[in-house]
Amino acid sequence: MAISLGSIADDYTGASDLANTLTKNGLRTVQTVGIPDPALALPDVDAVVISLKIRSVPASEAVTAATEAERWLRERGAHHVLYKICSTFDSTDAGNIGPVTEALSDAAGGGSVLVTPAFPETGRTVYLGHLFVGGQPLNESPLKDHPLNPMHDANLVRVLTRQSRGSVGLLDLANVAAGPAAARARFDALRPTGVSMAIADAIFERDLETLGEIALEMPVSTGASGLGLGLARALVRSGRISGSETAEDIIRPVGGLSAIVAGSCSQATLRQLDVAERSMPVLRLDPERLLAGPDEITAAISWAGDRLSAGPVIIAASAAPETVSRLQRQYGREASGHAIETATSMIAAELVERGVRRLVVAGGETSGAAVDRLAIPAFLIGPEIAPGVPILRTLGNAQGDMLLALKSGNFGGDDFFAAALAMMH
Ligand SMILES: Nc1ncnc2c1ncn2[C@@H]1O[C@H](COP(=O)(O)OP(=O)(O)O)[C@@H](O)[C@H]1O
Ligand SMILES: O=C(O)[C@@H](O)C(=O)COP(=O)(O)O
């Protein structure tokens with residue numbers, strides 16, 4: 001298998017978001033969970049997105065996992081590797097966007113790397129290095145309350161500098177909007193200043209097309225789905241790949257029961273749960289009891305058992321920021337987050353054990369833990385439910401064919417859960 005584009009995603013929802021964008025823009029794409037086992041038969045594709053769960057792990061661990069994935073992608077022909085990060089730049093001062101980007105650049109022989117989380121379709125734009133989420137600067141957006149990576153600074157040049165060895169420059173909108181020649185010239189002018197990375201402004205898709213074109217000339221870039229769109233369109237324009245349609249047969253029915261598991265505490269997910277509660281049974285887990293032992297999990301499974309055969313159910317750990325902070329003050333930020341992920345992943349696995357074959361998981365870390373517990377090695381990419389969230393068909397898993405949706409916390413409209421289930425049969 002020779003691939004044209006390789007990507008390493010720092011979480012699993014982010015990987016499916018990128019795989020969706022690449023597919024929509026003409027690249028046959030597969031999403032793998034980690035580096036695939038040699039025994040796994042992958043389809044013939046233009047792009048492989050390797051999902052890792054490295055957004056919130058120590059930087060050295062993230063670097064090791066990402067560089068191994070990069071080697072695998074290069075050995076399969078990838079000339080360009082995109083490090084897929086969150087469109088809201090989720091990270092801490094300790095990493096991991098800077099350290100991983102610098103390590104990937106070193107592995108490819110060094111040089112400055114273009115970085116942009118812009119994804120205009122979901123309202124993420126970057127101007128003079130400042131990230132806006134919808135109409136708000138990042139630090140005033142709901143991301144200021146993220147349970148694991150609260151974002152308190154919208155100036156990404158500053159954020160990335162705090163995480164990095166090298167210095168960070170800015171590829172400003174005036175040069176990006178002027179097209180590839182001007183953007184390339186500005187980026188080239190930054191190189192001798194010794195910057196290891198440059199944050200690139202982008203507001204419209206045409207800016208990302210420009211950035212995609214110049215990024216493709218380099219071995220590595222870092223960004224969200226918007227940069228994926230630019231790279232995919234540049235590849236199709238270059239004639240190196242033929243450009244393909246989404247295969248509708250990826251959503252052929254799998255039968256079985258359906259359920260939703262939520263661990264995202266993002267505002268969008270909280271709204272989606274409130275709306276779904278009007279039409280589906282919703283169990284709100286007690287996080288204190290989840291942390292105390294297995295009883296809350298057993299109770300949740302027994303609650304679902306009575307209801308599953310009548311239709312989809314939702315089991316959610318999600319809570320509002322005040323509740324999350326209270327729990328974190330008592331048990332610690334990471335310890336509580338990871339313990340809840342473990343619990344929600346065990347619930348997801350029990351539901352599958354009881355016949356669920358159509359599963360929606362809300363939350364990036366939550367999805368990573370659930371997919372790992374289900375031991376799903378890869379996904380084929382189906383049609384889009386909402387911007388950034390495709391239907392996924394499992395590949396190579398022991399349970400047989402399943403349909404999943406891995407919803408990034410902040411993505412999807414208020415009726416997302418019903419909309420997702422309506423597309424999965
Ligand atoms: N009630 C709660 N209190 C504290 N943390 C929680 C609660 N419910 C879920 N979490 C944790 O919050 C984190 C949410 O992150 P994630 O799943 O990535 O969602 P998102 O996609 O919204 O970022 C996870 O670590 C999850 O276990
Ligand atoms: O780029 C994005 O916003 C998403 O693809 C993503 O990575 C979101 O992460 P989670 O909100 O943690 O799912």
Side-chain angles (χ1 to χ4, degrees), residues 7-11 13-18 20-22 49 54-56 62 66 81-93 95-102 104 113-144 146 148-164 168-173 176 183 196-205 207-212 214-215 220-232 266 268 364 387-388 408-411:
S7 178
I8 301 159
D10 69 352
D11 83 346
T13 43
S16 74
D17 164 20
L18 175 67
N20 176 53
T21 294
L22 299 181
V49 181
I54 58 170
R55 189 173 292 173
S56 312
V81 171
L82 167 65
Y83 180 42
K84 162 67 178 68
I85 55 161
C86 191
S87 64
T88 48
F89 220 75
D90 294 17
S91 52
T92 66
D93 287 351
N96 290 340
I97 298 173
V100 171
T101 301
E102 290 182 328
L104 293 179
V113 178
L114 187 152
V115 180
T116 186
F119 187 16
E121 197 184 354
T122 55
R124 277 65 156 161
T125 55
V126 183
Y127 178 60
L128 295 180
H130 289 68
L131 176 57
F132 292 82
V133 179
Q136 295 170 305
L138 177 66
N139 56 307
E140 293 174 24
S141 78
L143 272 298
K144 69 184 188 315
H146 191 278
L148 300 175
N149 322 102
M151 300 305 291
H152 299 301
D153 189 356
N155 182 330
L156 300 185
V157 174
R158 226 160 34 204
V159 173
L160 197 53
T161 300
R162 285 195 290 267
Q163 303 179 7
S164 310
V168 179
L170 173 69
L171 176 52
D172 62 303
L173 190 67
V176 176
S196 66
M197 293 164 284
I199 297 288
D201 284 351
I203 292 183
F204 299 109
E205 284 192 3
D207 301 327
L208 289 154
E209 289 181 356
T210 294
L211 294 176
I214 68 167
V220 177
S221 62
T222 291
S225 253
L227 188 54
L229 169 149
L231 288 164
S266 298
S408 290
N410 290 293
F411 285 174

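The basis for the numbers below is simple: all heavy atoms, side chains too, and nothing from hydrogens, waters or symmetry mates.
In this structure, the side chain of Ser266 does not engage the main chain of Ala268 through any donor-acceptor pair within 3.5 Å. Judged by distance alone, with hydrogens and angles left aside, the side-chain atoms of Asp10 form no donor-acceptor pair with the main-chain N or O of Arg55 at under 3.5 Å. Under the 3.5 Å distance criterion, the side-chain polar atoms of Ser87 are left unmatched by any main-chain donor or acceptor of Arg124. Between the side chain of Thr116 and the main chain of Ala200, a donor-acceptor pair closer than 3.5 Å is present. For the pair Ser164 (side chain) and Thr161 (backbone), a donor-acceptor distance under 3.5 Å is absent. Between the side chain of Asp207 and the backbone N or O of Ile203 there is at least one donor-acceptor pair closer than 3.5 Å. In this structure, Gln163 contributes its side chain and Thr92 its backbone to a donor-acceptor pair below 3.5 Å.
Two residues are said to be in side-chain contact when any heavy atoms from C-beta on lie closer than 4.5 Å; Asp201 and Leu171 fail this criterion. With contacts defined as side-chain heavy-atom distances shorter than 4.5 Å, the pair Leu231/Ser221 qualifies. Between Thr222 and Leu114, the closest side-chain pair of non-hydrogen atoms is not below 4.5 Å. At a threshold of 4.5 Å between non-hydrogen side-chain atoms, the residues Ser196 and Val113 do not count as touching.
Residues Asn149 and Ser91 bring no donor and acceptor atom of their side chains to less than 3.5 Å of each other. With 3.5 Å as the limit, one finds no donor-acceptor pair spanning the side chains of Asn410 and Ser408.
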Which pairs of donor and acceptor atoms, one on a side chain in residues 128-137, lie under 3.5 Å apart (sequence neighbours left out)?
residue: His130; atom: ND1; partner: Leu128; partner atom: O; Å: 2.8
residue: Gln136; atom: NE2; partner: Glu140; partner atom: O; Å: 3.4

From CA spacing to verdict: side-chain contact (heavy atoms from CB on, under 4.5 Å), Val100, Asn96: CA-CA 6 Å; Val100 171; Asn96 290 340; 4.3 Å; yes
Audit row: Asp11, Ile54, side-chain contact (heavy atoms from CB on, under 4.5 Å) steps and yes/no: CA-CA 6 Å; Asp11 83 346; Ile54 58 170; over 6 Å; no
Derivation and outcome, side-chain contact (heavy atoms from CB on, under 4.5 Å), residues Phe119 and Leu227: CA-CA 8 Å; Phe119 187 16; Leu227 188 54; over 6 Å; no
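A salt bridge between Asp153 and Arg162 is present, with a side-chain N of the basic residue lying under 4.0 Å from a carboxylate O of the acidic one.
Taken to the nearest 0.5 Å, the CE atom of Met151 stands 8.5 Å off from the SG atom of Cys86. The CG atom of Asp17 sits 7.0 Å away from the OG1 atom of Thr122 when rounded to the nearest 0.5 Å. One finds the CD atom of Glu205 at 12.5 Å from the CG atom of Leu211 (value rounded to the nearest 0.5 Å). Atom-to-atom distance recorded for Ser225:OG and Glu121:CD is 8.5 Å, nearest 0.5 angstrom. Taken to the nearest 0.5 Å, the CG atom of Asp90 stands 9.0 Å off from the CD1 atom of Ile85. Distance CG/Leu156 to CD1/Ile97: 8.0 Å, rounded to 0.5 Å.
Counting all heavy atoms, side chain and backbone alike, Ile199 lies closest to Phe89 at CD1-CZ, 4.3 Å. In plain terms, the two heavy atoms of Ala232 and Leu22 that are nearest each other are CB-CD2, 4.0 Å. In this structure, Gly364 and Thr13 approach most closely via the heavy-atom pair CA-OG1, 3.2 Å. Between Met197 and Leu160, the shortest heavy-atom contact is SD-CD2, 3.7 Å. Taking both residues in full, the closest heavy atoms of Pro150 and Lys144 are given as CB-O, 3.4 Å, listed atom of the first, atom of the second, then distance. Nearest heavy-atom pair, Leu104 versus Tyr83, reported as atom, atom and distance to 0.1 Å: CD1-CB, 3.8 Å.
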